[in-house]
Amino acid sequence: MRAQTARQVSLPAPVSNSEDLVTLGASFDYAWFSDFSNRVADQPGIQSSSAEDFAPGIGASMEFNPARLRPLFARIGANFGIQKFEQVYAPISPLDPTGATGKVKGFFADLQIGLRPYRGRTTRFELLTGGTWAHDDAEFEFTYADTTQTVSRKANGWKWNAGASISKAIGARTALRLGLTYITSFKKQDADQNLRLSTGFVFGLGPGDPFEYW
């Protein structure tokens, strides 16, 4: 009888597509706060006021892109900016302030779920929505007849956001990103309501084929 020899063939292990690829982002932001001037002016005893509705800022983000959930993904973002304002009062008594100058430091943390309806070889288009936690740290310097006084006020609350972004690869794991995000609380008077334009870079981390990702 002719003996049969079993031949073993070594095959390369299949590439897993279930690994998460994480991206980190950094951006320069420019936001338009459509109701900020109105909120600065809408205070008792104010004769006139001026405020910066447009504010530059910086941002950072982290994105989680599980392969089994694609084209869905999750993104966490943080943005910071400063706005200045000035108020002139009509004092009733000598004890009332005659005016105030100040600034508002705004911090916004976005928690977003995204959909990637288009993913080309080097280009991605994304739609995002979710919640935003807004924190404002306002500093007032009140001017009196013979002195000044500095007062700090803080406020925070949850908002809703919606936006879109487009990314263009410039390297194996690096891309340029342009994004537009709208933040609102659906209230008529909301100093945090803004439309934010972001430009920056994203960097891919983790295992997997970067070209398949892009």
Side-chain angles (χ1 to χ4, degrees), residues 24-63 74-113 128-165 179-200:
L24 303 179
S27 65
F28 293 99
D29 306 326
Y30 197 66
W32 172 51
F33 291 81
S34 58
D35 204 35
F36 184 68
S37 291
N38 295 332
R39 296 297 295 148
V40 171
D42 187 20
Q43 303 294 328
I46 291 184
Q47 187 175 5
S48 63
S49 66
S50 62
E52 296 178 345
D53 288 333
F54 293 89
I58 56 175
S61 66
M62 178 179 290
E63 181 180 306
R75 183 181 297 170
I76 301 174
N79 304 86
F80 176 80
I82 299 177
Q83 295 169 269
K84 296 180 180 180
F85 62 89
E86 183 177 355
Q87 298 171 323
V88 177
Y89 302 142
I92 300 177
S93 73
L95 299 178
D96 293 333
T98 58
T101 58
K103 59 185 177 181
V104 177
K105 300 177 182 178
F107 175 80
F108 298 86
D110 301 329
L111 306 177
Q112 299 176 307
I113 296 296
L128 304 103
T129 188
T132 295
W133 185 76
H135 175 78
D136 297 324
D137 188 356
E139 183 178 286
F140 295 78
E141 184 174 335
F142 292 99
T143 301
Y144 294 85
D146 55 356
T147 187
T148 60
Q149 181 185 16
T150 301
V151 177
S152 296
R153 299 174 184 173
K154 301 180 185 296
N156 56 70
W158 283 97
K159 317 288 181 178
W160 171 82
N161 69 70
S165 63
L180 190 66
T181 305
Y182 178 67
I183 297 175
T184 183
S185 63
F186 299 103
K187 296 180 180 179
K188 291 184 177 181
Q189 295 181 337
D190 182 7
D192 289 325
Q193 181 173 283
N194 71 88
L195 184 66
R196 183 176 67 226
L197 177 67
S198 302
T199 59

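Index from 1, following the sequence.
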Inset, instruction - For atom CD1 of Ile58, decide whether the heavy atoms of other residues, nucleotides or ligands shown that lie under 6.0 angstrom number more than 12. - result: no
Inset, instruction - Name all residues meeting the side chain to side chain donor-acceptor pair (under 3.5 Å) criterion together with Arg39; count only those two or more places apart in sequence or in a different chain, and write none if there are none. - result: Gln189
Inset, instruction - Return the set of residues passing side chain to side chain donor-acceptor pair (under 3.5 Å) with Asn156 (not counting sequence neighbours), or none when no residue passes. - result: none
Legend entry - side-chain contact (heavy atoms from CB on, under 4.5 Å) against Lys84, all qualifying residues, sequence neighbours excluded: Glu52, Lys103
Inset, instruction - Applying side-chain contact (heavy atoms from CB on, under 4.5 Å), name anything that partners Ser49, two or more places apart in sequence or on another chain. - result: Val40, Ala41, Ile46, Gln87
Legend entry - Intermediate values then yes/no, side chain to side chain contact (heavy atoms under 4.5 Å, CB included), Val151 and Gln149: CA-CA 7 Å; Val151 177; Gln149 181 185 16; 4.2 Å; yes
Legend entry - Ser93: partners by side-chain contact (heavy atoms from CB on, under 4.5 Å), with sequence neighbours left out: Leu95, Asp96
Inset, instruction - Please name the pair of heavy atoms, one in Thr184 and one in Lys159, separated by the smallest distance, quoted to 0.1 Å. - result: O-CB, 3.4 Å
Legend entry - Heavy-atom closest contact (Ala191 atom, Phe33 atom, distance): O-CD2, 3.3 Å
Inset, instruction - Using the test side chain to side chain donor-acceptor pair (under 3.5 Å), find all partners of Thr129 that sit at least two apart in sequence or belong to another chain. - result: Trp160
Inset, instruction - State, with a plain yes or no, whether a side-chain heavy atom of Gln193 is found less than 4.5 Å away from one of Tyr182. - result: yes
Legend entry - Which residues share a side-chain contact (heavy atoms from CB on, under 4.5 Å) with Phe54, sequence neighbours left out: Tyr30, Trp32
Inset, instruction - Might you point out which heavy atoms bring Asn161 and Gly131 nearest each other, and give the distance in Å? - result: ND2-O, 3.1 Å
Legend entry - Closest heavy-atom pair and its distance - Leu128, Gln112: CD2-OE1, 3.6 Å
Inset, instruction - Report the residues that fulfil ring pair (Phe, Tyr, Trp, His ring centres under 6.0 Å) with Phe140, sequence neighbours left out, ordered by chain and then residue number. - result: Phe85, Phe142
Legend entry - Any donor-acceptor pair under 3.5 Å from Asn194 side chain to Ile183 backbone: no
Inset, instruction - Among Asp192, Asp190, Val104, find the one that has a side-chain contact (heavy atoms from CB on, under 4.5 Å) with Phe36. - result: Val104
Legend entry - Main-chain N/O of Arg196 paired with Thr181 side-chain donor or acceptor, under 3.5 Å: no
Legend entry - Listed once per pair and sorted, the ring-ring contact (aromatic ring centres under 6.0 Å, His included) pairs that draw on residues 86-113, sequence neighbours left out: none
Legend entry - CD on Glu63 to CD1 on Ile76, rounded to 0.5 Å: 11.0 Å
Legend entry - side chain to side chain donor-acceptor pair (under 3.5 Å) against Ser27, all qualifying residues, sequence neighbours excluded: Asp29
Inset, instruction - Taking all heavy atoms of Asp53 and all of Ser37, pick out the closest pair and write down the distance. - result: OD1-OG, 2.7 Å
Inset, instruction - Report the C-alpha distance between Leu111 and Thr132 in whole Å, list the side-chain angles of each, state the deciding distance to 0.1 Å, and finish with yes or no for side chain to side chain contact (heavy atoms under 4.5 Å, CB included). - result: CA-CA 6 Å; Leu111 306 177; Thr132 295; over 6 Å; no
Legend entry - Phe28, CZ atom: more than 12 neighbouring heavy atoms under 6.0 Å: no
Inset, instruction - Name all pairs fulfilling the salt bridge (Lys or Arg N to Asp or Glu O under 4.0 Å) condition that reach into residues 128-155, sequence neighbours left out, sorted by first residue then second. - result: Asp137-Lys154
